[in-house]
Amino acid sequence: MTDCDSQLRDELSALRQQGLYRELKQVDSPQQPRIQIGKQVVLNFSSNDYLGLANHPKLKEAALEAVARYGAGAGASRLICGSLAPHHALEERLATFKGTQAALAFSTGYAAALGTICAIVGPDDIVILDKLVHACIIDAARLSKAKIRVFRHNDLNELEDLLKWAGQQRKASANTTSPRVLVVTESVFSMDGDLAPLKEIGVLKETHGAWLMVDEAHATGLYGLHRRGLVEASGMSGRVEIQMGTLGKALGAAGGFITGSRTLIDFLINKARSFIFSTAPVPAAVAAASAAVDLVQAGSGEQACRDLWELVSNVPATVAGLESKPVSPIVPIHIGDESAAVAQATALRKRNIYIPAIRYPTVARGRARLRLTLTAAHTRADLEQFASAFAAETSAHAT
Ligand SMILES: *Cc1c(COP(=O)(O)O)cnc(C)c1O
């Protein structure tokens with residue numbers, strides 16, 4: 001064996017010992033509540049396809065039409081020659097849907113975070129993050145070389161202290177606009193399913209002259225009168241400088257996007273390296289996303305959203321030992337120990353329930369959990385099937 005392989009193998013066995021080893025499971029069916037893994041059909045509570053659009057006929061049709069008309073590949077980066085009509089159509093729809101001046105599509109949400117944060121802040125600036133933000137935001141902040149400060153999850157006092165400190169840095173500098181101060185938070189937190197106090201964060205960032213970027217990955221399509229996200233539901237429309245989203249969760253396709261002012265979007269087209277130096281998303285993906293944006297805004301989107309919230313309100317308290325009712329379709333079932341979480345997930349899978357164990361580094365060490373996610377395509381009966389399998393497993397474990 002080569003030296004490379006032998007060193008990597010040592011690291012992998014260390015991961016195994018800590019219950020942190022990960023492997024891919026091949027799924028042999030479309031994304032839907034019941035998926036096929038090998039010969040087994042399992043009830044799937046692990047997908048972010050919140051509105052059940054990933055396998056929707058309208059999205060598939062739009063993707064096929066786009067392939068017929070524009071081909072399979074995009075050919076190049078948007079700025080070279082890959083800026084196809086479907087990309088422009090999607091961006092117009094996203095801006096209208098979100099109620100912003102403009103939008104920019106990226107190949108993934110991850111790329112959107114990386115390109116945007118690095119374009120907006122640099123080594124002279126300050127980025128302030130909630131402790132629980134997604135890995136792509138942490139990676140982006142690091143890559144930007146800005147000074148990073150982290151506040152405890154949803155802790156407004158700590159955020160205020162950091163904003164005051166950042167304000168002093170600016171006073172000390174000769175330049176009234178430097179350092180730039182960017183606060184970044186998720187609106188619905190991906191692994192805890194709780195909500196950021198966006199209104200209060202908005203007041204703080206305005207008081208202290210900072211800018212706010214909100215990652216709506218798990219909120220787009222689900223919150224607010226027009227289902228724009230938690231920014232809308234919190235009455236913060238027009239007060240958030242940068243909104244980010246993914247096309248891969250409630251919107252059922254793949255890709256990421258930024259919405260905001262026309263100036264912001266023009267700036268990103270010129271400065272966001274993950275946009276400039278990467279091949280444009282394929283026509284099929286953007287056309288499917290456009291169809292999803294149409295659906296979300298239509299009556300059927302409203303209905304799917306209502307179905308989802310109805311289901312969320314029926315999650316039995318016994319499932320998660322929940323202190324409070326879930327406020328999103330993400331319901332974490334806390335286990336703690338990594339190996340115990342894996343064992344629990346394996347046991348549930350034997351009962352035909354698929355919920356993978358979420359472990360470090362996705363969440364902190366010793367904070368492993370099962371992450372139950374509900375979609376509009378699940379039924380009450382599905383939820384009951386889960387609850388009884390979970391109860392049977394828990395009592396089997398206790399005896
Ligand atoms: C999934 C996710 C992303 C990344 O989006 P992709 O389109 O999957 O790359 C960003 N932020 C959060 C909070 C996410 O959960």
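Every value quoted in this text rests on a predicted model; they were computed, and no experiment measured them. Read the numbers this way: they start at 1 and go in the same order the structure lists the ligands and their atoms. Counting begins at 1 with the first residue of the sequence. All values below come from the heavy atoms of this structure, side chains included, with hydrogens, waters and symmetry mates left out.
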Does any donor atom in the side chain of S261 or Q101 lie under 3.5 Å from an acceptor atom in the other side chain?
no

Donor-acceptor pair, D124 side chain versus P179 backbone, under 3.5 Å?
no

Do the ring planes of H378 and F45 sit parallel (below 30°), tilted (30 to 60°) or perpendicular (above 60°)?
parallel

Inter-residue atom distance D215.CG - F189.CZ, 0.5 Å rounding
9.0 Å

Residue pair L264, E241: steps toward the side chain to side chain contact (heavy atoms under 4.5 Å, CB included) verdict:
CA-CA 8 Å; L264 171 72; E241 282 79 4; over 6 Å; no

Pocket residues of ligand 1, ordered first by chain and then by residue number (heavy-atom cut-off under 4.0 Å):
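If the criterion is a heavy atom under 4.0 Å, then ligand 1 touches T108, G109, Y110, H134, C136, E186, S190, D215, A217, H218, M244, T246, K249, G255.
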
Taking all heavy atoms of Y21 and all of R359, pick out the closest pair and write down the distance.
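Minimum heavy-atom contact is O-NH1, 2.9 Å.
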
